[in-house]
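Inspection log for the structure reproduced underneath, given as structure tokens.
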Amino acid sequence: MERINKYLSAIGICSRREADRMVDAGRIKVNGEIASLGTKVCDTDEIVIDGKLITKQKTNTKDILLAFNKPVGIVCTTTDNQGTNTVVNYINYKERIYPIGRLDKDSCGLILMTNNGEITDKILRSANLHEKEYIVKVNKSIDDEFLKKMRSGIYLEELDRTTNKCEVTKIDDKTFRIILTQGLNRQIRRMCKACNRNVVSLKRVRILNILLGDLKTGEYREIKGAEKEALYKILNS
């Protein structure tokens, strides 16, 4: 018997975090009963998500890892219960995959897609301080005070959290590069707002060693070979 979030992650349905969100929303039933965060399941249990029966995938399913250049307007969830255009539906991949983490609807750029729950959890684990790099354009000029404040850590009242120190580099008058090791909700947008600026555009260009590169908007590529091995080595170190 395993907790419902761990089980769904292990069989390639979604990440543990996504499973927890679906449980909180009452979207999962186990043997006809609405699941709770503490619900434990096994292969013989009937698990239903949004009215759809979930079946365990074959244990020899190929390990899939994709780099996808998400367009603005696409939502990083696994189901379209709110009538939104999801990343899973947009890619329409031949096998079940799900996004590793999130990139908000108004942002674009790199997001990883997989069917590997273990890798998902390792990448998302905040204690690992994994780097994610973004190119951001704001509505006002960038000065030294702005750069210093962004680098030093900013208290975000809405989240009651202070951001970690980070690397911020000016690109031009209104554009900068930022490297984060946190994944707070809409973190960069909140940080900029605290510095009296609004984000005009936000693109993620790197996750750990995986680069967006010249991948076109709306397209994906398979991560394999030395690139994939290097990623797994980082995650297992």
Side-chain angles (χ1 to χ4, degrees), residues 1-68 70-71 73-107 110-128 130 132 158-161 182-187 204 207 220 235:
M1 300 287 287
E2 290 184 312
R3 289 173 65 96
I4 184 71
N5 61 352
K6 185 177 181 181
Y7 182 85
L8 292 176
S9 174
I11 66 173
I13 300 300
C14 60
S15 69
R16 293 189 193 185
R17 289 185 180 184
E18 183 68 14
D20 287 342
R21 283 191 284 265
M22 289 192 289
V23 168
D24 281 337
R27 293 166 52 193
I28 302 179
K29 288 186 177 181
V30 176
N31 301 324
E33 300 290 332
I34 295 177
S36 65
L37 293 177
T39 297
K40 292 188 176 182
V41 297
C42 63
D43 291 344
T44 58
D45 288 315
E46 181 183 81
I47 303 173
V48 175
I49 300 178
D50 295 332
K52 182 179 179 181
L53 180 66
I54 298 302
T55 56
K56 185 175 181 180
Q57 298 186 43
K58 296 179 180 179
T59 56
N60 62 350
T61 297
K62 177 185 176 183
D63 180 39
I64 300 167
L65 186 62
L66 307 178
F68 174 57
K70 186 191 86 68
I74 302 299
V75 180
C76 292
T77 58
T78 56
T79 57
D80 58 356
N81 63 307
Q82 296 179 335
T84 52
N85 191 4
T86 72
V87 63
V88 172
N89 290 342
Y90 187 95
I91 294 177
N92 195 27
Y93 198 70
K94 58 186 176 181
E95 297 181 49
R96 182 189 294 276
I97 55 173
Y98 51 86
I100 300 179
R102 293 192 172 194
L103 189 59
D104 69 66
K105 183 178 180 180
D106 299 323
S107 301
L110 180 63
I111 188 158
L112 304 182
M113 306 288 295
T114 190
N115 63 345
N116 188 321
E118 181 181 358
I119 294 303
T120 299
D121 292 326
K122 286 182 178 180
I123 290 176
L124 296 181
R125 200 169 294 145
S126 60
N128 291 333
H130 292 140
K132 295 178 183 178
E158 295 168 286
L159 303 181
D160 192 23
R161 294 282 299 277
Q182 281 176 295
L184 302 179
N185 180 254
R186 298 176 71 85
Q187 180 173 342
R204 185 156 62 198
I207 298 173
Y220 66 84
L235 296 176

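Hydrogens, waters and symmetry mates are skipped; everything else that's a heavy atom, side chains included, is used.
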Spacing of Ile28 atom CD1 and Met22 atom CE [to the nearest 0.5 Å]:
4.5 Å

Using only heavy-atom distances, determine whether the side chains of Tyr7 and Asp45 contain a donor-acceptor pair under 3.5 Å.
no

Could you go through Arg204 and Lys132, starting from their C-alpha distance and side-chain angles, then the distance that decides it, and tell me whether this counts as side-chain contact (heavy atoms from CB on, under 4.5 Å)?
CA-CA 7 Å; Arg204 185 156 62 198; Lys132 295 178 183 178; 3.9 Å; yes

Do Val75 and Asn85 have side-chain heavy atoms sitting under 4.5 Å apart?
no

CG on Leu103 to CG on Leu110, rounded to 0.5 Å
8.5 Å

Using a 3.5 Å distance criterion without hydrogens, assess whether the side chain of Asp104 forms a donor-acceptor pair with backbone atoms of Asp106.
yes

Can any side-chain N or O of Arg16 pair as donor or acceptor with the backbone N or O of Asn5 at less than 3.5 Å?
no

Can a donor-acceptor pair be found, under 3.5 Å and without considering hydrogens, that links the side chain of Lys70 to the backbone of Ser107?
yes

CZ of Arg3 to OG of Ser9, rounded to nearest 0.5 Å, is 13.0 Å

Using 30° and 60° as the class limits, which term best fits the ring planes of Tyr90 and Phe68: parallel, tilted or perpendicular?
tilted

How long is the gap from CD on Glu46 to CG on Leu53, to the nearest 0.5 Å?
5.5 Å

Any donor-acceptor N/O pair, Asn115 side chain to Ile64 backbone, under 3.5 Å:
yes

With the side chain counted from C-beta on, respond yes when Leu112 and Pro99 share a heavy-atom pair under 4.5 Å apart, and no when they do not.
no

Thinking salt bridges, do Arg102 and Glu18 make one under a 4.0 Å N-O criterion?
yes

Do Ile97 and Thr114 have side chains that approach each other closer than 4.5 Å (heavy atoms only, starting at C-beta)?
no

Is the count of non-hydrogen atoms from other residues, nucleotides or ligands lying under 6.0 Å from Lys122 atom NZ greater than 12?
yes

Keeping Arg27 on the side-chain end and Arg21 on the backbone end, is there a donor-acceptor pair under 3.5 Å?
no

Non-hydrogen side-chain atoms of Ile54 and Ile13 separated by less than 4.5 Å:
yes

Residue that, paired with Met113, satisfies side-chain contact (heavy atoms from CB on, under 4.5 Å) out of Val88, Ile100, Thr120:
Val88

When you compare the side chain of Val23 with that of Ile4, does any pair of heavy atoms fall below 4.5 Å?
yes

Straight-line distance of Met1 CE to Thr39 OG1, nearest 0.5 Å:
9.0 Å

Please examine the side chains of Glu158 and Asn185, heavy atoms only from C-beta on, and report whether any two atoms are closer than 4.5 Å.
no

Report yes if the side chains of Ile49 and Leu8 come closer than 4.5 Å at any heavy-atom pair, otherwise no.
yes

Between NZ of Lys105 and OG1 of Thr86, what distance do you get to the nearest 0.5 Å?
12.0 Å

Any side-chain heavy-atom pair from Asn116 and Leu65 closer than 4.5 angstrom?
no

